[in-house]
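Written below as structure tokens is the structure these notes are about.
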Amino acid sequence: MALKIYNTLSREKELFTPLTPDHVGMYVCGPTVYSDVHLGNCRTFISFDIIYRYLVYLGYKVRYVRNITDAGHLEGDRDEGDDKFSKLARLQKVEPMEIVQKYTVGFHHVMQLLNNLPPSIEPTATGHIAEQIEITKQILANGYAYEVNGTIYFDVEKYNKELPYGILTNRKMEDLLEGTRELGGQDEKRGRLDFALWIKAKPEHLMQWPSPWGMGFPGWHIECSAMSEKYLGKKFDIHGGGMDLAATHHTNEIAQSQACYHTSPANFWMHTNMLTVNGTRMSKSLGNGFLPEELFTGNHPLLEKAYAPMTVRFFMLQTHYRSTLDFSNEALQASEKGLKRLWDAYEVLKQLAVSNGQLAMDAELDAKVNKLVNGFDEFMNDDFNTAKVLGNMFELVPVINSIKDGLIKADSIAAATLSLLQQKFKAYLENVFGLKNSAANNEVLSGVMELLIEVRKESKTKKDFATSDKIRNQLAAIGINLKDEKGGEMSWDLS
RNA sequence: GGUCCUGUAGCCGAGUGGCUAGGCAAAGCUCUGCAAAAGCUUCUACACCGGUUCGAAUCCGGUCGGGACCUCCA
């Protein structure tokens with residue numbers, strides 16, 4: 001059973017074989033830190049976090065590089081535009097690096113709340129100006145770029161004569177030329193598809209660096225080429241990002257790498273689909289995005305309530321990463337309840353004791369459990385199908401709960417089956433899916449609850465239901481659920 | 001205009017030609033002092049029209065919706 005990954009380049013699932021045995025190099029385009037990340041951005045990072053975690057689970061030693069874009073983005077399509085950081089900084093009368101710092105910290109905080117693992121390396125564009133100048137020089141030397149008045153452009157039409165430029169998204173040059181809107185005003189570019197590798201800065205620019213072509217700043221696409229090469233080499237295994245990056249950004253990255261190193265940078269190109277609201281893509285420019293902060297506090301007109309970070313993570317796991325996912329309160333509330341059901345069963349499963357004698361062995365049930373559990377790896381190997389894994393997990397929930405309630409005898413499945421079930425549930429829920437219990441694990445609270453449960457048990461024994469109901473109802477009012485279980489036991493959790 | 005994706009029960013969603021995914025909601029039953037939780041049932045859908053096939057949600061063609069990208073965007 002081997003891992004298959006859908007490759008945007010070939011438009012089909014391919015068997016994944018790393019370039020170096022047991023090692024995987026993966027580069028994912030990170031955020032541009034001039035504003036808060038919205039939930040749509042988070043989806044991509046959650047998807048790649050799970051891909052990263054699964055590769056680690058499979059035993060690969062993974063170097064996961066995700067950049068921070070803190071320089072170089074232009075406003076609009078005019079190449080003489082200000083970059084986003086300078087523009088915002090001037091507006092707010094702060095240093096550009098203050099903007100960068102603020103939103104980088106915010107981004108990391110959100111990633112942590114969503115329980116995304118930090119990447120192995122998180123390079124910044126401003127920290128790799130020298131590398132970007134080097135690669136630009138090489139592309140110039142190789143003849144795929146030209147200088148106009150201190151700005152360096154990539155010559156797309158020349159490149160396309162040798163290698164297909166639109167290969168990633170299956171576009172022909174003629175179609176691209178036809179589809180592009182007419183450029184307004186003066187233009188120093190030779191071809192309308194040409195893009196800037198290095199941009200000459202006006203004296204008033206806040207962020208600029210010296211280069212062989214004078215003071216300037218790097219174009220957007222060049223940073224990923226420079227940083228991926230530096231940390232992963234000229235060719236590596238996986239390059240990922242949101243689907244919206246494929247047609248322009250990733251297309252240009254391939255062209256840059258080919259023009260500089262005569263190789264396509266990555267074997268596998270992976271693209272995650274968009275998060276939509278009412279069927280339309282969530283984006284900064286449309287202003288229909290939710291900030292994670294708004295989601296976690298419920299402080300947004302379109303939100304009926306607050307949702308926990310783990311609910312959001314689980315919500316995204318229920319869909320395949322290449323499908324669009326539509327946001328709605330109803331769907332999120334369904335996820336919240338579903339996750340609770342799954343997690344409660346997991347807590348029960350952890351407590352089940354493995355029995356040694358199989359007196360009540362039920363071969364059919366045992367086979368069913370094994371089949372469902374073995375499906376986890378099988379589904380993940382099929383292009384990371386988290387939704388199907390969850391489907392199997394939910395099918396196992398009644399089995400787990402029935403064993404606990406004695407409806408199914410614990411020894412009706414083999415001891416090995418039960419321990420496999422326990423081991424895989426833990427590995428998947430905690431390690432691969434990166435879910436965690438949102439309930440506070442507080443010793444003081446646990447102690448208090450133990451006391452309350454004892455008092456309530458006593459009052460129930462004395463048939464003092466007024467007291468037992470009072471305890472249960474008042475706890476419910478502050479968000480603690482007390483559950484009566486079979487045999488007079490009680491358990492609790494936070495709602 | 002070009003390149004693609006997509007249309008699945010009340011809602012969200014997975015689906016590799018034959019084997020009712022799953023979750024949420026709803027209804028009934030069991031358990032229970034009551035409730036919740038849990039267990040067991042019920043709700044058996046694939047936009048439309050053709051075609052291929054013994055057999056199509058799945059493959060092919062067409063029609064009609066919806067969406068993304070081609071411009072900064074995960």
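Note on naming: letters A, B, ... go to the chains in the order of the sequence lines (proteins, then strands), and numbering restarts at 1 for each one.
Contact annotation: side chain of A:R472 to base of B:A36, donor-acceptor pair absent below 3.5 Å. Put simply, the side chain of A:R171 and the base of B:C69 share a donor and an acceptor less than 3.5 Å apart. Within 3.5 Å, no donor on the side chain of A:N385 pairs with an acceptor on the base of B:G15, nor the reverse. Between the side chain of A:D484 and the base of B:C31, no donor-acceptor pair of N or O atoms lies under 3.5 Å.
Within 4.0 Å (heavy atoms only), A:T319 reaches sugar-phosphate atoms of the nucleic acid but no base atom. Here A:M282 lies in heavy-atom contact (under 4.0 Å) with a base. Counting any heavy atom pair closer than 4.0 Å across all strands shown, A:A387 reaches a base atom. Here A:H38 lies in heavy-atom contact (under 4.0 Å) with a base. Using a 4.0 Å heavy-atom cutoff across all strands shown, A:M243 reaches no nucleic acid atom at all. Contact annotation for A:V348: no contact, since no heavy-atom pair falls under 4.0 Å across all strands. Among the heavy atoms of the strands lying under 4.0 Å from A:G241 are primed sugar atoms or P, OP1, OP2 only; no base atom is included. Using a 4.0 Å heavy-atom criterion, one finds that A:L275 contacts the bases of the nucleic acid, with or without backbone contacts as well. Across all strands, A:S323 comes closer than 4.0 Å only to sugar-phosphate atoms, never to a base (heavy-atom distances). At a threshold of 4.0 angstrom between heavy atoms, the contacts of A:D344 with the nucleic acid are absent. Within the nucleic acid shown, A:T248 comes within 4.0 Å of sugar-phosphate atoms alone, with no base atom in reach, counting heavy atoms only. Counting any heavy atom pair closer than 4.0 Å across all strands shown, A:K460 reaches a base atom.
Per the stacking criterion (ring centres < 5.5 Å, plane angle < 30°), A:F45 does not stack onto the base of B:A74.
Relative to the ring axis of A:Y153, A:R190 does not place its NZ or CZ within 45° and under 6.0 Å from the centre. A cation-pi arrangement is present between A:K305 and A:Y307 under the rule of less than 6.0 angstrom and at most 45 degrees off the ring axis. Note that A:R53 lies outside the cation-pi zone of A:F433, set by a 6.0 Å cut-off to the ring centre and a 45° limit from the axis.
A salt bridge does not link A:D362 to A:K409: none of the charged side-chain nitrogens sits closer than 4.0 Å to a carboxylate oxygen.
Of the N and O atoms on the side chains of A:T272 and A:T44, at least one donor lies less than 3.5 Å from an acceptor on the other residue.
Using modelled atom types, no side-chain atom of A:H205 and backbone atom of A:M207 make a donor-acceptor pair closer than 3.5 Å. Looking only at distances, a side-chain donor or acceptor of A:N115 sits under 3.5 Å from a matching main-chain atom of A:G434.
The partner of B:C31 cannot be assigned: no Watson-Crick or G-U wobble pair with both contacts below 3.5 Å exists in any strand.
Considering only the side chain of A:L176, B:C70 comes nearest among B:A14, B:C70, B:A36. The listed nucleotides are B:C4, B:A14, B:C40; the one nearest the side chain of A:P398 is B:C40.
A:H221 has its ring centre less than 6.0 Å from the ring centre of A:F195.
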Extract from the structure each pairing of a protein N or O with an N or O of nucleotides 23-27 of chain B at less than 3.5 Å, listing the distance.
from	atom 1	to	atom 2	distance (Å)
B:A25	OP1	A:K337	NZ	3.0

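Taking atom C1' in both B:G62 and B:U71, one finds a spacing of 34 Å when rounded to whole Å.
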